[in-house]
Amino acid sequence: MTLKKVNPDLEKERSTCTFNIEELTNLLDTGAHCTAERRAVEDKVFSVKELKDEIPDEFLSHKERYENAIRKSVFLHKVLQETGVKRGVYNRSDKSDFRTTYYSIFKDGSPFMLQYSMFVPTILGQGDSEQVELWYKRALNMEIIGTYAQTELGHGTFIRGLETEAVYDEKTEEFILNSPSLSSYKWWPGGLGHTTNYCIVMAQLKIKGKPYGMQPFIVQIRDEETHMPLPGVKVGEIGAKLAFNTVNNGFLGFEHVRIPRRHMLMRFSQVSKDGKFTSSANPKLAYGTMVMVRVTIVNSAATYLSRAVTIAIRYSAVRHQSKLKQNEPEPQILDYVTQQHKLFIGIATSHAYMFCSYWLWDVYVMYQKEQNVGNFDRLPELHALACCLKVISSSDCTGLVEKCRMSCGGHGFMMSSNLPQLYGISTATCTYEGENTVMLLQTARALVKAWELGSRGRPFSPTMSYFAEKNVPSKWDSSLEGILNAFQKVSIGKLSSSVSSLQEYTKSGLSAEDAWNKASVQLIGAAEAWGRAVVLSIYKSEIERYGQTVSPALKSVLFDLVELYYVHLTLEKMGDLLLYTQLSEKDVVSLRKKYEDLLEKIRPNAIGLVDAFDYRDEVLNSTLGSYDGFAYERLMTEAMKSPLNAEPVNQSFHKYIKPLMKGKL
Ligand SMILES: CCCCCCCCCCCCCCCCCC(=O)SCCNC(=O)CCNC(=O)[C@H](O)C(C)(C)COP(=O)(O)OP(=O)(O)OC[C@H]1O[C@@H](n2cnc3c(N)ncnc32)[C@H](O)[C@@H]1OP(=O)(O)O
Ligand SMILES: Cc1cc2nc3c(=O)[nH]c(=O)nc-3n(C[C@H](O)[C@H](O)[C@H](O)COP(=O)(O)OP(=O)(O)OC[C@H]3O[C@@H](n4cnc5c(N)ncnc54)[C@H](O)[C@@H]3O)c2cc1C
C-alpha cells in the first residue's frame with residue numbers, strides 16, 4: 001500500500017496553527033543546532049536496514065524478541081559510534097543529550113540499556129582516576145558489557161538490608177563475594193540474564209568481621225571468550241514482565257567468588273592492602289548513581305507522555321464518531337470538549353516536566369561541582385528534589401499515558417498503536433530507581449528536617465524558601481502568581497499539619513518511628529504538595545525566561561499551556577485549596593469557565609503542538625499516530641502481519657473445532 005498524501009483532516013488542522021512549529025521544536029530540543037544534530041542521527045539510524053523489524057515484535061516468541069533486540073542493539077551501537085554520537089550513550093554531559101529519540105527502535109527496551117544508563121555512569125562517578133581509565137575505556141569499546149546489580153529478591157527499597165557480602169581477605173588481597181541466602185540473590189538488573197559479562201555489584205563490605213556498609217564492586221560474571229558463567233556465578237533471566245521484555249532483566253548469585261582488591265570502586269571509600277577502611281566524606285555518596293538516574297527519569301516520563309499524546313491527538317483529529325449536531329456530519333472526536341479535557345493537559349504536562357527536567361539537570365550539575373570540592377551542603381535539597389520530581393513526573397505522566405490510550409477507544413488497546421507498550425515502560429518508572437511512596441517519604445524526611453531547623457532560625461534552601469513566609473490568609477487571586485502562591489500555602493499547610501501530628505503522637509507516648517509511621521499518609525501528602533509547588537514555579541519561570549527570546553506567537557501559545565496547567569491543577573486539587581486558601585465557590589465557577597475557554601483557545605493549535613515534538617513515524621511506531629493520519633489503512637496493514645493471517649484455515653480447526661462440531665471429541 002502506498003500512501004502519498006496526508007489525511008485531509010490533518011491538513012486542515014495544520015493550516016490553523018498560529019505559531020511556527022519549527023521554533024517550538026528547537027526550544028524543546030534546547031537549540032536549533034540540537035534539532036539539526038538529532039535529525040541527522042535519526043536519518044542515519046533509521047536508514048540502517050538491520051535496524052528494521054521484519055515481523056512486529058509482538059508476534060515473536062520471548063526468545064526471538066531477545067535475540068532481535070540484541071541484533072538491533074549491536075547495530076545501533078555501531079551506527080552511533082560511526083556517527084560520532086555521544087548523545088545518551090554512556091554518559092549525559094548536557095541537557096541536549098536527553099532527546100535520544102532513535103532509541104525508540106526498541107519498543108520494549110534494549111538489553112544494553114543498563115550499560116549506558118548505570119554501569120558506565122557508576123564507573124565514572126564512583127571509580128578513582130586509575131579505575132576510570134581502565135574500565136571506562138573497556139566499556140566504551142564494548143569489550144565489557146555491564147549492568148548495575150543492587151536489588152535482591154529480598155530487598156530493593158531498603159538497601160541497608162542487602163545481604164550480598166564482600167568479605168576482604170588481606171592474605172590474598174581479594175574480596176570474596178557471597179550470596180548467603182536465596183533472598184540475597186540479585187534480582188532485576190537489566191541485561192544481567194544473558195547479555196552482560198561484568199556488573200557493578202552493590203554489596204555489604206566486611207573486613208575482619210566488621211561491617212562497613214554498602215559499597216560498589218566491579219565483578220566479572222562471564223568468560224569474555226565463551227560467555228559461559230564463571231565458576232561460582234549463578235546467573236539467568238527473571239522471566240516475562242508487564243514491559244521491558246527485551247531488556248533481559250536477570251538474577252545473580254555468588255558462591256565465594258574472589259575478585260582483586262582494586263575491583264572495589266574507590267573514589268569515595270577505600271580499602272588498603274592491609275585491610276584498613278577509609279570512609280568517604282559523606283556515606284551517601286555511594287548512592288550517587290541513583291540520584292543521577294532519578295534526575296533523568298523526569299525527562300523520560302515527559303518523553304513517554306509526549307509520544308502518547310502525539311498519537312492520541314493525531315488519531316482524535318482523524319477519527320469521526322457520533323453526532324454533535326443532528327444535521328451535520330460526524331465530527332472529529334477532538335471536537336468533543338471532554339476529549340480535549342483528556343488530552344490537552346497531556347501536552348501541557350509534558351512541557352512542564354520537560355522544562356523542569358532541563359532545570360533539574362542544571363541544578364544537578366551545579367551541585368555536583370560543589371560536591372567535587374567537598375561541599376555537601378546542598379545534597380539534602382538535591383536528594384529531595386530528585387526523589388520528589390521523579391515521583392510526581394512518573395505518576396502524572398503514567399496516568400496521562402493511560403488516559404491517552406483510553407481516549408483512543410478500542411484501537412488504543414491494539415499493540416500496533418504502541419500505546420500499551422508506552423504505558424508499560426512508563427509505569428515501570430513509578431517503581432524502579434526508588435519506589436514512589438518510599439521516595440515521597442524520603443522527601444518528607446528532608447522537608448520535616450528543614451522545617452524544624454527553620455523554626456530554630458536556620459535559613460531554608462532555595463526551593464523551600466517560601467516556608468519562611470507568614471501563612472496569613474489573603475484574598476484568592478487567579479493569576480499565575482496568585483495560583484502559585486496558593487499552592488505554596490497548601491504545601492506549608494500540609495507540612496505544618498504533618499509536623500504537628502508528629503509532635504502530638506510523640507507527646508502521647510509513641511516512639512519517633514511509630515509517630516512517623518502513623519503520620520506517613522499526611523507526610524507523603526506534604527511531600528507531593530512541595531513537589532507541585534516546585535513544578536508550578538519552575539515551569540512558569542522557565543517559560544517566562546524563554547518567552548523573552550521566542551516570537552510573540554509562540555510565547556502566546558506557551559503561556560496558554562502554562563495557564564491550562566495551572567487552572568487544571570487548581571480544579572484537580574480544589575479540596576486542598578479550599579482547606580488552606582481563600583478559594584471560594586465563585587472563584588471555582590470562574591476558573592471552570594477559564595478552563596473551558598483555554599481548551600477552546602488551544603484547539604486550533606493542538607496538531608501543531610504535537611507536531612512540534614517532532615517524532616517521526618519510526619519513533620512513534622504507531623498505527624494511530626502517523627504524520628499522514630491514515631490510521632485505518634495502517635491498522636489493516638499491521639493486522640495482515642499476524643502469523644494467523646498467513647493461512648485461511650488454522651490447523652486447530654481440523655484437530656479440535658471440527659471434532660467438536662461433529663460430536664467426535
Ligand atoms: C523503549 C525503551 C525506552 C528506553 C529509554 C531510554 C532512556 C532511559 C534512561 C533511563 C534508564 C534507567 C533504567 C534504570 C532501571 C532501574 C534501575 C534501578 O532500579 S537500580 C536500583 C534502584 N534502587 C533504589 O532506588 C533503592 C531505593 N532505596 C534507597 O535509595 C534507600 O534505601 C533509601 C533512600 C530509601 C533509604 O536509605 P538509607 O540508607 O536507609 O537512608 P535513611 O532513610 O536512613 O536516611 C539517612 C540519611 O541519608 C539521606 N539520604 C538517603 N539517600 C540519599 C541520597 N541518595 N543522597 C543523599 N542523601 C540521601 C537521607 O535524606 C537521610 O538524611 P538525614 O535525614 O539523616 O539528614
Ligand atoms: C522494570 C524494572 C527494572 C529494574 N531494573 C533494576 C536494575 O537494573 N538494577 C537494580 O538493582 N534494580 C532494578 N530494579 C529494581 C527496583 O529498583 C526495585 O524494584 C525498586 O527499588 C522497588 O523496590 P522493591 O521491589 O523492593 O519494592 P518494595 O520495597 O518491596 O515495595 C513493595 C511495597 O512496599 C512499600 N514499602 C516498602 N518500604 C516501605 C517503607 N519504608 N515505607 C512505606 N512503604 C514501604 C512500597 O511503597 C510498596 O508499596 C528494577 C525494577 C523494575 C520494575
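Just follow the structure's listing: the first ligand is 1, and inside any ligand the first atom is 1.
Proximity to Ile425 (heavy-atom distance under 4.0 Å) selects the following atoms of ligand 1: 1 (C). Every atom of ligand 1 with a heavy atom of Gln150 under 4.0 Å away is listed here by number and element: 21 (C), 22 (C), 23 (N), 24 (C), 26 (C). Atoms of ligand 1 found under 4.0 Å from any heavy atom of Gly109, numbered from 1 in the order shown, are 1 (C), 2 (C). When each atom of ligand 1 is checked for a heavy atom of Lys449 under 4.0 Å away, the hits are 64 (P), 65 (O), 66 (O), 67 (O). Every atom of ligand 1 is numbered from 1 in the order shown, and the set under 4.0 Å from a heavy atom of Arg160 is 38 (P), 39 (O), 40 (O), 44 (O).
For the pair Leu441 and ligand 2, the shortest N or O to N or O distance does not fall below 3.5 Å. Residue contacts with ligand 2: Thr151 is placed with a nitrogen or oxygen under 3.5 Å of a nitrogen or oxygen of the ligand (distance criterion only). Checked by distance only, ligand 1 and Gln442 come closer than 3.5 Å through their nitrogen or oxygen atoms. By the 3.5 Å distance cut-off applied to N or O atoms, Leu379 is not counted among the residues near ligand 1. In terms of N/O distances under 3.5 Å, ligand 2 is approached by Gln150. Taking any N or O of Lys107, backbone or side chain, none lies under 3.5 Å from an N or O belonging to ligand 1. Looking at ligand 1, you won't find any N or O of Tyr103 less than 3.5 Å from one of its N or O atoms. Residue Tyr148 places at least one N or O, backbone or side chain, under 3.5 Å from an N or O of ligand 2. Residue contacts with ligand 2: Gly156 is placed with a nitrogen or oxygen under 3.5 Å of a nitrogen or oxygen of the ligand (distance criterion only). Here's the thing with Ser300: none of its N/O atoms is less than 3.5 angstrom from an N/O atom of ligand 1. For His155, no nitrogen or oxygen atom sits less than 3.5 Å from a nitrogen or oxygen atom of ligand 2, counting backbone and side chain alike. At under 3.5 Å, a nitrogen or oxygen of Tyr287, whether backbone or side chain, sits near a nitrogen or oxygen of ligand 1. The distance criterion of under 3.5 Å between nitrogen or oxygen atoms is met by Lys284 with respect to ligand 1.
A salt bridge does not link Arg39 with Glu42: none of the charged nitrogens is closer than 4.0 Å to a carboxylate oxygen. With respect to the salt-bridge test (charged N to carboxylate O, under 4.0 angstrom), the residues Arg38 and Asp614 qualify. A salt bridge links Lys107 with Glu58: the distance from a Lys NZ or Arg NE/NH1/NH2 to an Asp or Glu carboxylate oxygen falls below 4.0 Å.
Contact annotation: Glu435 has no heavy atom less than 4.0 Å from any atom of ligand 1. Contact analysis puts Tyr304 in contact with ligand 1, with a non-hydrogen atom separation below 4.0 angstrom. Heavy-atom separations between Pro380 and ligand 1 are all 4.0 Å or longer. Ligand 1 is approached by Arg294 to a heavy-atom distance shorter than 4.0 Å.
Between Trp187 and Phe251, the ring planes are parallel. Angles under 30° get that label, and only those over 60° would be called perpendicular. Ring geometry, Phe112 versus Tyr116: the interplanar angle exceeds 60°, so the pair is classed perpendicular (tilted spans 30 to 60°).
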Take Glu237 and Lys63 through the side chain to side chain contact (heavy atoms under 4.5 Å, CB included) test and state the conclusion after the steps. CA-CA 11 Å; Glu237 196 227 15; Lys63 190 161 169 268; over 6 Å; no

Yes or no on side chain to side chain contact (heavy atoms under 4.5 Å, CB included) for Met292 and Thr296, after CA distance, side-chain angles and deciding distance? CA-CA 7 Å; Met292 189 269 295; Thr296 66; 4.2 Å; yes

Side chain to side chain donor-acceptor pair (under 3.5 Å) for Thr151 and Tyr432? Distances and angles first, verdict last. CA-CA 10 Å; Thr151 307; Tyr432 69 52; over 6 Å; no

Could you go through Arg99 and Leu28, starting from their C-alpha distance and side-chain angles, then the distance that decides it, and tell me whether this counts as side chain to side chain contact (heavy atoms under 4.5 Å, CB included)? CA-CA 9 Å; Arg99 294 202 83 205; Leu28 294 167; 4.3 Å; yes

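Between atom 22 (C) of ligand 1 and the options Met439, Glu433, Arg307, the minimum heavy-atom separation is to Glu433. When the heavy-atom distances from atom 46 (C) of ligand 2 to Met439, Gln442, Glu435 are ranked, the shortest goes to Glu435. The option from Phe244, Trp516, Trp188 that lies nearest to atom 53 (C) of ligand 2, judged by heavy atoms, is Trp188. Between Ala384, Pro189, Ser104, Ser117, it is Ser117 that holds the heavy atom closest to atom 12 (C) of ligand 1.
In Thr157, the part holding a heavy atom less than 4.0 Å from any atom of ligand 1 is the backbone. Contacts between Arg445 and ligand 1 below 4.0 angstrom, taking non-hydrogen atoms only, involve the side chain exclusively. By the criterion of a heavy-atom distance under 4.0 Å, neither the backbone nor the side chain of Asn436 is placed next to ligand 2. When non-hydrogen atoms are compared, ligand 2 lies under 4.0 Å from neither the backbone nor the side chain of Leu192. Of the heavy atoms in Trp188, none comes closer than 4.0 Å to ligand 1. Of the heavy atoms in Leu382, none comes closer than 4.0 Å to ligand 1.
One side chain, Ser501 or Gln522, offers a donor N or O that lies under 3.5 Å from an acceptor on the other. In the model, Arg71 has a side-chain atom that pairs as donor or acceptor with a side-chain atom of Asn68 under 3.5 Å. Between Ser357 and Asn299, the side chains place a donor N or O and an acceptor N or O closer than 3.5 Å (distance only, hydrogens not considered). Remark: the Thr195 side chain and the Asn248 side chain contain an N/O donor-acceptor pair separated by less than 3.5 Å. In summary, the side chains of Ser350 and Ser306 do not present any donor paired with an acceptor at a separation below 3.5 Å, with no hydrogens or angles considered.
Note: Lys95 NZ to Phe355 CZ = 11.5 Å, rounded to the nearest 0.5 Å. How far CD of Gln220 is from OH of Tyr198: 3.5 Å, rounded to the nearest 0.5 Å.
In this structure, atom 41 (N) of ligand 2 is not in close contact with the protein, since no protein heavy atom lies within 4.0 Å of it. Put simply, atom 35 (C) of ligand 2 has no protein non-hydrogen atoms near it, under 4.0 Å away. For atom 29 (O) of ligand 2, the nearest protein heavy atom is under 4.0 Å away. Within a 4.0 Å radius of atom 32 (C) of ligand 2, the protein contributes no non-hydrogen atoms.
Taking the six-membered ring for Trp, Tyr364 and Trp361 have ring centres closer than 6.0 Å.
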